[in-house]
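Data first, discussion second: the structure below is written as structure tokens.
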Amino acid sequence: MTAEETTAHGASLSIRRAGKTFPGGVVALAPTDLDLPAGEILVLLGPSGCGKTTLLRLVAGLGAPDPGGAVLFDGVDVTTVPIERRRVGMVFQSYALFPNMTVAENVGYGLKVRGEPKSSRDAEVGRLLDMVGLAELSDRPVDRISGGQRQRVALARAIAIRPKILLLDEPLSALDAALREKLRIELARLLRRFAITAIHVTHDQAEAMAIGDRIAVMNQGRIVQLGTPEDVYVRPADRFVAGFVGVMNRLPGRLLPGCGVAEAFFRPEAVAVGPPEAGSVVAMVTAATFFGAYRRLTLDVAGHAVEAEVPAERPVRPGDAVSLAVDPARLHVFPT
Amino acid sequence: MRLSTLAAGLLTVLVAAFLVVPALVSIVAGVSVSYSRGLSEGLTLDWIFEVWRLYADTILRSIMIALATLVVTLLIGVPAAYALVRRGGRLARIAEEIVTLPLAIPGLALALALIITYGGVRELRVSSAFIVIGHVLYTLPFMIRSVMAVLQSFDWRLLDDGAASLGASPWRRFVDIMLPNARPGILAGALTVVTLSIGEFNLTWMLHTPLTKTLPVGLADSYASMRLEIASAYTLVFFVMIVPLLVAMQAVARIGEPRRTA
Amino acid sequence: MTRRFEFLLLLPAGVFVLAFLLVPMAALVPVAGSGRLGWSAYLAVVTEPRYRATMISTLVVAAATTALTLAIATVAAQFLASRRFPGRDLLVAMLTFPLAFPGVVVGFMVILLSGRLGLVAQASEALFGERIVFAYSLGGLLVGYLYFSIPRVILTVMAAVEKLDPALVEAARSLGAGPFRIQRDVVLPALAPALVAAGALCFATAMGAFGTAFTLATRIDVLPMVIYTEFTLGGNVAIAAALSIALGLVTWLALALARNATGAVAAAG
């Protein structure tokens, strides 16, 4: 890896009060502010319809924000610049590879459009295809390669134009689960190596954790929490984030000591399970699944299901009565 | 086999015979020394040569008109089809409806309207361009629909966005991405346009002048005034021109079917 | 930006259609009112007995063509779609190859079939000692229109039959329905949209067809022939224009009704 590849490139991004209202009055995105330093990878995470793709398209230039909103690259307002002059690399959900071109022609198209001479273009395409491990497929038509390979062609094509910002719109969602998991790690590695400003949209929280420097969790057209993966996992900002990211138990506060009328959220690993004793919260084991390193229990607490983890060697069986305690440092209480 | 199936099969074969037998008679008559005395008199190519001597100009003119019609429909029809698909919505549907109007209006009425409006422009009235105008009117809807259908068969907007994100201007996207991927539709449209133009009679009969006769006009003329062998030989020439176009059309339709976007 | 691009793409076709379709069609309207009959020329197709008779016979021939073609095509398309047998492709090719024949050629086919030297005349002379000739009458015209329409309609109906779910017929059969019941209760309702679309197309084409009638004889009184003779022989531009508009309205109406009924796109030649 050369020095040039490791230094961060790409532009910083600022979004100022950018919202999007669709004809008919549906607010897809409330006016949003967001700052992304150069070289950072931000993941927009949220359920479908939360506004993450809308926000991505505003950055791309595939849609204009409502009046008053602005998008700035390196401090320069690009709000009215069409996508073809914004220099954003875009990886589409279904890749948008051109069926009339080979793998190499797809990757080189952006450079060709920019009038780059064929020799330097071919060299750059070769370098990128090497990088994504597709050098031997360069002359294949794109409908004769696998889904995972297409995904990497789309990535190489977007990177080839040395974009100011790389935008990835659910790039793994068209793949089956096993391949998705493998490529998630691969993609995280490649993005780190490109060291480029990137926004990655997904609804998959595991993908978000693996790829993002920071994660913006979105719900109903708003960013509800912006922070590192640890922040979002350990310190969820609200009930929605707590429920959306990772496995989370929720119990009415009255069932746990000291929680009052609020609702209590906690992760399976924050639960301590012991023998039943007076004065503690008592639960009934309804299911116990062996996971090798640990045993995942489903407990019944006054009619509420709670997931807990115990060491694999603890012989807990369905039907056992246990006591349950939650580490107060890892307990999140949100008013109902 | 059921009786009803047998009857259906018999009807199908009879209908096929109804369609094919006259064409075969015409082909045989075109190369027979004498139609009325039958094949015993022998075969000859004399009638074909006679047709060439009498009507070569109509055959060549029809080819030229068909090619000119094709060029115009490609130049104005393909961009229009892309614009209509891009634009979408009610306005595009109305525009499509208007362009398609010549398919619903009898050729005779269209020709009459053209003559009333432009018949006074002498240079136009006496030139083959007048016929080309009529043929473009009549064939343009086929080109536009064929191209629109193929554009709608893949996710053109996704490919358009993809090319735009790589820095291609709208025109560049049209040329680099839309035209190559719409090729099956353009090809199918082109074959339809040429086939229809070569056979067009309703408009052409009204629009032609003695100096701008086309093949079908010549055919009508030969049916009215020539002996049966010459009329048949002329028809045979027409078949020879039109059948390869039809075969190509069906081949293109078969290739065009299994398409998908990558 | 993108609006301007779309406008420029559409501009050449728009100018062409405006200049050579919309303006001429609009010009036809006042011309029709400029003749001896004035604006009542528009009513001539109803009020003048000669034109009225022509309109009626044109409608009858077109309707008969449509009904017969649909019946034949429905039977043949089902026969061809439901089974594979040697020679099937040849049979399909035979049924569809006259697709691109212009009306004049179709007229010539009718003459070869049923004209004075035609096959029917020769056969009937050999069998009954009498030459049967019907090419130059409305009967000959009907035969010509069938020749013209069958290939087009068969293609449409075959495509519709191939999309038909064979389980429907099998289910009806398992319930004990006979072949005619299956046709009436299952197959025809499923094919109805295709039949309506193809039938409207067939009807509109038969209404406006000119080449076949022209080749067979100038004596056959169908609307396109009358328009032609009024214009070229009678020099009666106004009546020709009025009749053209009436004819155009009928064909356009037939197609519009069919499209409303099926949502499909239909077109006439």
Side-chain angles (χ1 to χ4, degrees), chain B residues 2 4-5 8-9 11-13 15-16 19-23 25-26 35-36 75-77 79-80 82-83 86-87 95 98-109 112-114 116-117 133 136-137 140-141 170 195-196 199-202 205 216 219-220 223 228 231 235 238 242-243 246, chain C residues 2 5-6 9-10 12-13 16-17 20-21 23-25 27-28 31 72 75-76 78-80 91 94-95 97-105 107-109 112-113 117 119 147 150-151 179 204 207-208 210-211 214-215 224 227-228 231 237 240-241 244-245 247-248 251-252 255 267-269:
Chain B
R2 284 161 173 274
S4 56
T5 310
L11 178 84
T12 308
V13 171
V15 170
L19 296 174
V20 169
V21 167
V25 169
S26 146
Y35 172 72
S36 52
L75 287 179
I76 75 175
Y82 181 44
R86 270 184 77 100
R87 190 73 176 75
I98 291 172
V99 173
T100 327
L101 222 47
L103 301 193
I105 302 170
L108 215 55
L112 197 60
L114 280 174
I116 285 170
T117 315
I133 287 171
V136 171
L137 269 186
L140 188 61
T195 310
L196 289 175
E200 212 297 321
F201 178 77
N202 291 0
W205 180 256
L219 279 173
Y223 295 156
L228 192 69
T235 308
F238 173 75
I242 213 88
V243 167
L246 284 174
Chain C
T2 173
F5 173 61
E6 283 157 8
L9 285 173
L10 201 52
F16 186 91
V17 167
F20 298 116
L21 177 64
V23 168
M25 289 313 287
L28 210 52
V31 168
I72 290 168
V75 173
Q78 286 186 66
F79 177 76
L80 291 166
L91 204 53
M94 286 164 73
L95 286 166
F97 90 100
L99 204 60
F101 287 11
V104 271
V105 172
F108 186 56
M109 296 295 121
L112 290 175
L113 199 67
L117 293 172
L119 294 170
Y147 193 100
I150 287 172
M207 283 297 294
F210 169 61
F214 180 83
T215 305
I227 294 172
Y228 171 69
F231 178 65
V237 183
S244 293
I245 290 169
L247 180 57
T251 54
W252 178 81
L255 292 170

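Order of the sequence lines fixes the chain letters, A, B, ..., with proteins taken first and strands second; residue numbering starts at 1 for each chain. What's counted below: heavy atoms across the whole structure, side chains too, no hydrogens, waters or symmetry copies.
Of the listed residues (C:P12, C:P98, C:P102, C:A241), the one with the most heavy-atom contacts under 4.5 Å to chain B is C:P102. Counting heavy-atom pairs closer than 4.5 Å to chain B, the top residue among C:L117, C:L99, C:V237, C:I245 is C:L117. The most heavy-atom pairs under 4.5 Å with chain C, out of B:I98, B:T195, B:V99, come from B:I98. With chain C as the partner, the residue from B:L140, B:I133, B:L219 showing the most heavy-atom pairs under 4.5 Å is B:I133.
For chain B, the nearby parts of C:F20 are the backbone and the side chain; heavy atoms of each come within less than 4.5 Å. Contacts of C:L10 with chain B are made by both backbone and side-chain atoms, with heavy-atom separations under 4.5 Å. Using a 4.5 Å cut-off between heavy atoms, B:T235 touches chain C through its side chain atoms alone. Residue contact with chain B, scored on non-hydrogen atoms closer than 4.5 Å, involves the backbone and the side chain of C:V105 alike. Heavy-atom distances place both the backbone and the side chain of C:Y147 under 4.5 Å from chain B. Using a 4.5 Å cut-off between heavy atoms, B:I116 contacts chain C through its side chain alone, with no backbone atom that close. Residue B:L196: no heavy atom, backbone or side chain, is found under 4.5 Å from chain C. Both the backbone and the side chain of C:P224 come within contact range of chain B, judged by heavy atoms closer than 4.5 Å. The contact between B:L246 and chain C is made entirely by side chain atoms (from C-beta outward), counting heavy-atom distances below 4.5 Å. With a threshold of 4.5 angstrom between heavy atoms, B:L11 approaches chain C through side-chain atoms but not through N, CA, C or O.
At least one side-chain heavy atom of C:F108 sits under 4.5 Å from a side-chain heavy atom of B:L228. Considering only heavy atoms from C-beta on, C:P151 comes within 4.5 Å of B:L19 through its side chain. Counting heavy atoms from C-beta outward, B:I105 and C:M25 have side chains that approach closer than 4.5 Å. Side chains of C:L247 and B:L108 form no contact here, defined as non-hydrogen atoms less than 4.5 Å apart. Residues C:F214 and B:Y223 fail the side-chain proximity criterion, which asks for heavy atoms closer than 4.5 Å.
Nearest heavy-atom pair across B:T12 and C:F79 is OG1-CD2, 3.6 Å. B:A83 approaches C:E6 most closely through the heavy-atom pair CB-O, 3.6 Å. Across all non-hydrogen atoms, the minimal contact from C:A27 to B:T117 is CB-OG1, 3.6 Å. In terms of heavy atoms, C:A100 sits closest to B:I242 at CB-CG1, 4.1 Å. In this structure, C:V104 and B:A220 approach most closely via the heavy-atom pair CG1-CB, 3.6 Å. Nearest heavy atom pair, residue C:G208 against residue B:N202, reads O-ND2, 3.8 Å.
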**B:V15/C:V75 under side chain to side chain contact (heavy atoms under 4.5 Å, CB included): CA gap, chis, key distance, verdict** = CA-CA 11 Å; B:V15 170; C:V75 173; over 6 Å; no

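For C:T251 (side chain) and B:A104 (main-chain N/O), a donor-acceptor pair under 3.5 Å exists by modelled atom type.
With values rounded to the nearest 0.5 angstrom, C:L28 atom CG is found 10.0 Å from B:L114 atom CG.
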